[in-house]
Colleague: 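Pasting a structure below so you can have a look.
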Amino acid sequence: MSASGRRRRGALDSGFTMDETVAEYIRRTVLKIPRHEIMEMLRMWDFLSKTQLQTINVHQIKERISQEVVELCEENSASIKQAAILDMIYNHTYRNKKVWTVYQMTKVAGEETDSFNLADFKYKFKRSLRSALKNVTINFREYEDNAIWIRIAWGTQYTKPNQYKATYVVYHSQTPYVFISSLRSSIPLLCQALVHASNYHDIHEMELRSRCIDSLKDIVFKRYSQTFQTYHPRPLQERNVAPEKVDPRIIQENKREKERIQSVTQEVFGEGLQPKIEFAQYKLETMFKGEPEMDILTEKEPFRCVVKFSSPHLLEALKSLAPAGMSDAPLSPLLTCIPQKARNYFKIKERKGILSASCLGH
C-alpha cells in the first residue's frame, strides 16, 4: 500500500485527516535534517512516542523516512503548531544557515527597565501582530541564556501564512538586543510588536550582520575583549637577500620587527579567537581631487564606490595579515573596529578635508 493509502486508512481509523500542507511541511523539514541527526531531533521534538520512534527505519532512503514520520504524525493528529516546532528545532540547530541582523531597543531617558514576564511578553507580542494582520502563525520556544526564539509565518489579509518563508527572531530578556532573520517587508510590523511586548520605546538597526548569531551575541554582550592600538603604522623591512649572505644585524632587525608585529597584532586583536563575521562593507563618498583644467569629475558630485571584504572568518583573516607579511602593522582602525563599534556596515565621508568613517564617531 502506498504512503498516501496508509494515511487515508489511518485517517479513517482515527477520524482525523491531517492537512496536506502540514504533512508536506513536516516531510520537507525531515528531508533537510542530516540522516544521523534525524532521530535526535525527533526526540527533542517530543511529539512522537518512544514506541513510534522505534518503528522508524533510519537506514532506508530519506524520502521513505520522511513518509514514515508523516504517517506517525497523522496518527497523533499533528497541526501546523507541531510542524512549526520541529522547524524551530532544526533552525536552532543550524542557526548559521541564516543571515542575522542585530537590532537595539531603547527606552525614554531615565526610564527604568521593567521586570520581564514571559507570559505577558507572548500575549502582547501576539496581540500586536494579530491586530495588524489576521493571517499569521506565531510560535515561541525558550533556550539557554534567557533566549526566546520566535517563529513568524506571514500571510496577508486574504492568503494563509507562508510557512516556507518564516521570520526568525531571537530575543534575550532583560537586554535591549534582538536578532532577526527576516523578509524586509515584514520588519515594521515585527519591530512594532517587539517594542510593545518588551515595554521599550523605540528600536533601530545596528548595521551589524552575520550568519554566526553566537558571534553577534559575543559582540553586543561584550563577551569579547579587544584592546585597540596605540602604535603607528611602519613599513615592513625588505627581505630579498639570500640567506647565506644576510648580515647578522639585518637578522636581528628582522627579529625585532617580527616581535613588534606580533605585539601590535596581539594588542589590536587580543589573544583569543575572533568573533565570526563573514563580511564588512564600506561605502565611500568623497569629492574627486583632480586637476581643474582637465574638467574630469567636477566637485559638484561626490565620487561613490562600495568596498566589501569577505571571508569565512573575516576578523581572523585580518588578524593574520601582518604576521604573514601581507600588510603593515597595525591595520587601519576601519578594519579592526568592527567588534568595538558593533557594526560591519560603514559609510566613509569627507569631513573638513579629511576622510572619516561614520563608525569612528559612533
Side-chain angles (χ1 to χ4, degrees), residues 1-100 118 122 135-145 147-155 160-170 179 181-182 211-214:
M1 184 182 294
S2 68
S4 59
R6 280 190 292 272
R7 286 181 56 207
R8 284 194 295 270
R9 179 178 177 180
L12 290 173
D13 293 341
S14 64
F16 172 82
T17 302
M18 185 165 61
D19 190 295
E20 288 293 335
T21 59
V22 174
E24 179 63 13
Y25 194 68
I26 292 174
R27 187 186 73 84
R28 291 195 190 186
T29 302
V30 174
L31 286 175
K32 290 191 297 184
I33 305 172
R35 182 189 300 273
H36 67 281
E37 294 185 5
I38 289 177
M39 293 306 295
E40 179 59 27
M41 285 199 186
L42 292 177
R43 292 189 192 98
M44 292 171 61
W45 191 24
D46 198 27
F47 179 65
L48 303 178
S49 68
K50 291 183 180 179
T51 302
Q52 288 176 315
L53 290 176
Q54 290 172 354
T55 66
I56 300 174
N57 177 12
V58 295
H59 300 293
Q60 58 189 326
I61 62 174
K62 287 182 70 177
E63 180 63 40
R64 181 63 196 131
I65 296 173
S66 66
Q67 291 174 355
E68 288 187 359
V69 172
V70 168
E71 292 166 13
L72 294 172
C73 288
E74 184 154 31
E75 291 179 12
N76 291 10
S77 305
S79 68
I80 192 60
K81 178 179 179 180
Q82 284 79 37
I85 292 173
L86 179 60
D87 182 64
M88 294 184 79
I89 292 170
Y90 172 82
N91 278 282
H92 177 266
T93 303
Y94 293 97
R95 50 193 174 273
N96 291 354
K97 287 182 176 290
K98 298 180 178 294
V99 176
W100 299 91
L118 180 58
K122 290 181 179 180
N135 290 322
V136 60
T137 302
I138 307 169
N139 297 91
F140 299 88
R141 190 172 177 85
E142 297 176 70
Y143 283 99
E144 71 289 342
D145 299 331
I148 303 163
W149 279 61
I150 312 171
R151 178 186 181 276
I152 308 108
W154 306 89
K160 292 183 178 180
N162 186 343
Q163 303 297 334
Y164 297 98
K165 292 185 178 181
T167 295
Y168 270 88
V169 179
V170 180
F179 307 84
S181 175
S182 172
R211 290 187 178 275
C212 187
I213 188 173
D214 294 330

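Computed over heavy atoms, backbone and side chain alike; hydrogens, waters and symmetry mates excluded. What you see is a predicted model, and the numbers here were worked out from it, not measured in a lab.
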Colleague: How close do Met18 and Ile26 get, counting heavy atoms only, and between which atoms?
Modeller: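 Closest approach of Met18 to Ile26, heavy atoms only: SD-CD1, 4.4 Å.
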Colleague: Is there a side-chain contact between Ile85 and Asp46, using heavy atoms and a 4.5 Å cut-off?
Modeller: no
Colleague: If you take all heavy atoms of Glu37 and Thr93, which pair is closest and at what distance?
Modeller: OE1-CG2, 4.2 Å
Colleague: Can you find a heavy atom in the side chain of Asp19 that is under 4.5 Å from one in the side chain of Ile80?
Modeller: no
Colleague: Closer than 3.5 angstrom, by distance alone: can the side chain of Asn162 be matched with the main-chain N or O of Tyr164 as a donor-acceptor pair?
Modeller: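 Side chain of Asn162 to backbone of Tyr164: a pair is present.
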Colleague: What orientation do Tyr143 and Trp149 show, parallel under 30°, tilted 30 to 60°, or perpendicular over 60°?
Modeller: perpendicular
Colleague: Okay, side chain of Tyr25, backbone of Gln163: is any donor-acceptor separation there less than 3.5 Å?
Modeller: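 Checking the backbone N and O of Gln163 against the side chain of Tyr25, a donor-acceptor pair under 3.5 Å is found.
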Colleague: Between Leu31 and Lys62, what is the shortest heavy-atom contact and its length?
Modeller: O-NZ, 2.6 Å
Colleague: List the steps, then state whether side chain to side chain contact (heavy atoms under 4.5 Å, CB included) holds for Thr21 with Glu24.
Modeller: CA-CA 5 Å; Thr21 59; Glu24 179 63 13; 5.8 Å; no
Colleague: Calculate, to the nearest 0.5 Å, the distance between atoms CG and CD belonging to Leu48 and Glu68 respectively.
Modeller: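 Here the interatomic distance stands at 11.5 Å.
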Colleague: Only one of Thr137, Asn91, Asp87, Thr167 forms a side-chain hydrogen bond (donor to acceptor under 3.5 Å, both in side chains) with Arg151, so which one is it?
Modeller: Asp87
Colleague: In the structure I gave you, are the side-chain heavy atoms of Cys73 and Val69 within less than 4.5 Å of one another anywhere?
Modeller: yes
Colleague: Just verifying a value: how many Å separate Leu86 CG and Trp45 CH2, rounded to the nearest 0.5 Å?
Modeller: 5.0 Å
Colleague: Evaluate the criterion side chain to side chain contact (heavy atoms under 4.5 Å, CB included) for residue pair Lys97 and Tyr90; output intermediate values, then yes/no.
Modeller: CA-CA 11 Å; Lys97 287 182 176 290; Tyr90 172 82; 3.5 Å; yes
Colleague: Locate the shortest heavy-atom distance separating Pro34 from Tyr94; write the atom from each residue and the value.
Modeller: CG-OH, 3.0 Å
Colleague: Are Lys122 and Ile148 packed together at the side-chain level, in the sense that at least one heavy-atom pair is separated by less than 4.5 angstrom?
Modeller: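 No, side chains not in contact.
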Colleague: Can you find a pair of side-chain heavy atoms, one from Tyr168 and one from His92, that are under 4.5 Å apart?
Modeller: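 No, their side chains stay 4.5 Å or more apart.
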Colleague: Considering residues, nucleotides and ligands other than Lys32, do more than 12 of their heavy atoms fall under 6.0 Å from its NZ?
Modeller: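 More than 12 heavy atoms, drawn from other residues, nucleotides or ligands, come within 6.0 Å of this atom.
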Colleague: Any non-hydrogen side-chain atom of Leu53 less than 4.5 Å from a side-chain atom of Arg43?
Modeller: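 Yes, at least one pair of side-chain atoms sits under 4.5 Å.
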Colleague: Whether the side chain of Arg35 engages the backbone of Gln60 through a donor-acceptor N/O pair (distance < 3.5 Å, no angle test) should be reported.
Modeller: yes
Colleague: Between atom CD of Glu20 and atom CZ of Arg27, what is the distance when rounded to the nearest 0.5 Å?
Modeller: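 Interatomic distance, Glu20 CD to Arg27 CZ, rounded to 0.5 Å: 11.0 Å.
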Colleague: Does a salt bridge link Glu71 with Arg64, judged by any charged N lying under 4.0 Å from a carboxylate O?
Modeller: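 A salt bridge links Glu71 with Arg64.
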Colleague: Can you confirm whether the side chains of Gln82 and Ser79 place a donor and an acceptor under 3.5 Å from each other?
Modeller: yes
Colleague: On a heavy-atom basis, which atom in Ile213 and which in Val170 lie closest, and how many Å separate them?
Modeller: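 Minimum heavy-atom contact is CD1-CG2, 3.8 Å.
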Colleague: Less than 4.5 Å apart, side chain to side chain, heavy atoms only: is that true for Ile38 and Ile56?
Modeller: no
Colleague: Locate the shortest heavy-atom distance separating Ile150 from Ile138; write the atom from each residue and the value.
Modeller: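 That closest heavy-atom pairing would be CG2-CG2, 4.1 Å.
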